[in-house]
Amino acid sequence: MTSFESAIAEGARIEPRDAMPEDYRATLIRQIAQHAHSEIIGMQPEGAWITRAPSLRRKAILLAKVQDEAGHGLYLYAAAETLGVARSELYDALLTGRQKYSSIFNYPTLTWADVGTIGWLVDGAAIVNQVPLCRCSYGPYARGMVRICKEESFHQRQGFESLLALSRGTPGQHAMAQDAVNRWWWPSLMMFGPPDADSPHSARSTAWGIKRFSNDTLRQRFVDMVVPQAEVLGLTLPDPDLRFDAERGSWDFGPVDFTELREVVAGNGPCNAERLAHRRAAEDDGAWVREAARVHAAKHAQRGAA
Amino acid sequence: MSDLWEVFVRPKRGLSHVHVGSLHAADAELALRHARDVYTRRGEGVSIWVVPSVQVTASSPDERDSFFDPAADKVYRHPSFYEVPDELQI
């Protein structure tokens, strides 16, 4: 048994300079990078509403949340870099489409209610996905996730509060909240990935202690968590097959359209092109700032040396 | 691409600085500012150190056993090595 295998068997953490199989390293780089890209692209759907938030309070909250997404992206890029990949390679992989980000951010935010719904459903699904990653076998990833999960709970609660205000507001506001939930429900269920039978790398990731629960297990956990919350909100979920199975102690739900998931991942979602174009423009627009900082640093280093 | 910096945060007075992660910055001053924005958005720290990652010299995990072995056979460094009467409160 190698030191890597015995560490995994004991449930010990793997740290950056430890020996590890190349596939383990490659799998982690891909997963952590995809996760980081999702946080960075994930700033856009909600960021679009910062200037249109209905009050100063909501605007300050939304600004803080979008800043958190940036921070989460940076924690994760830092974790990926400990595996020997450069930040510039990761950015390049995102901008050229070689690496993916979560399919959920390719849907548009049409109304203010979408912002609350994203907080409630999308961040809720993210938490269900991410909490087990706090015990992932790779130390820097696990430590980043602990930090992220702490901050995500604010995200979900603010979303719930915002949506509750709309649901209990005027009939027009209530209808807007219901419409947003109707549009985001199924894409949120797709966030857990393809069904277990079509998830080819799951077994290996589970053996390596990267993945703790299967896609379908986490999807079910999310449904069971959210159905009672929808009731408190006074909103319905757009699934006629939703019913409680007393024997399983869980909610049955209708079939998820995984063809749509495949299409969105393949680049054919409503906003794929827009999200990447926006990210590329931000990268280009910021180039002069990075250049100025570099020149300033070089000049001061020179003066210090003289 | 700018340099990589390791970030250490003192969570509160009386505690040591602890490594929290890394970031990219053109110089030390910007590294400190970025560290504040990335790692202390919720009052997680009262002091930050930033160190260029290339300046860190680390022990090698491959030599972990031989490197730390010398400590293993000196059990007399631990108080439990010594037998004293039960009634003695030390």
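In what follows, every chain begins at residue 1, and chains take the letters A, B, ... in the order their sequences are listed.
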Below 4.5 Å from any heavy atom of chain A, which atoms of [X] appear? Answer side chain, backbone, both or neither.
{"X": "B:S53", "answer": "neither"}
{"X": "B:L30", "answer": "side chain"}
{"X": "B:A25", "answer": "neither"}

### Query
Is there a side-chain contact between A:L74 and B:H24, using heavy atoms and a 4.5 Å cut-off?
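Heavy-atom side-chain distance check fails, nothing below 4.5 Å.
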### Residue A:E15 versus chain B: region with a heavy atom under 4.5 Å
neither
## Note on the structure
Highest number of heavy-atom pairs under 4.5 Å with chain B among A:G144, A:A64, A:A78, A:A79 belongs to A:A78
### Message
Can you tell me which of A:R290, A:R143, A:E81 forms the most heavy-atom pairs within a distance under 4.5 Å of chain B?
### Response
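Among the listed options, the one with the most contacts to chain B is A:E81.
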### Task
Kindly assign one of parallel, tilted or perpendicular to the pair B:W49 and B:H17, based on the angle between their ring planes and the thresholds 30° and 60°.
parallel
### Query
So, do B:Y82 and B:Y76 have ring centers that fall under 6.0 Å from each other?
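No, the ring of B:Y82 stays outside the 6.0 Å limit from the ring of B:Y76, centre to centre.
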### Message
If you take the centroid of each ring, where Trp contributes its six-membered ring, are A:Y75 and A:H72 closer together than 6.0 Å?
### Response
yes
### Query
What distance do A:L76 atom CG and A:R147 atom CZ have between them, rounded to the nearest 0.5 Å?
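Answer for the CG-CZ pair, A:L76 versus A:R147, is 11.5 Å.
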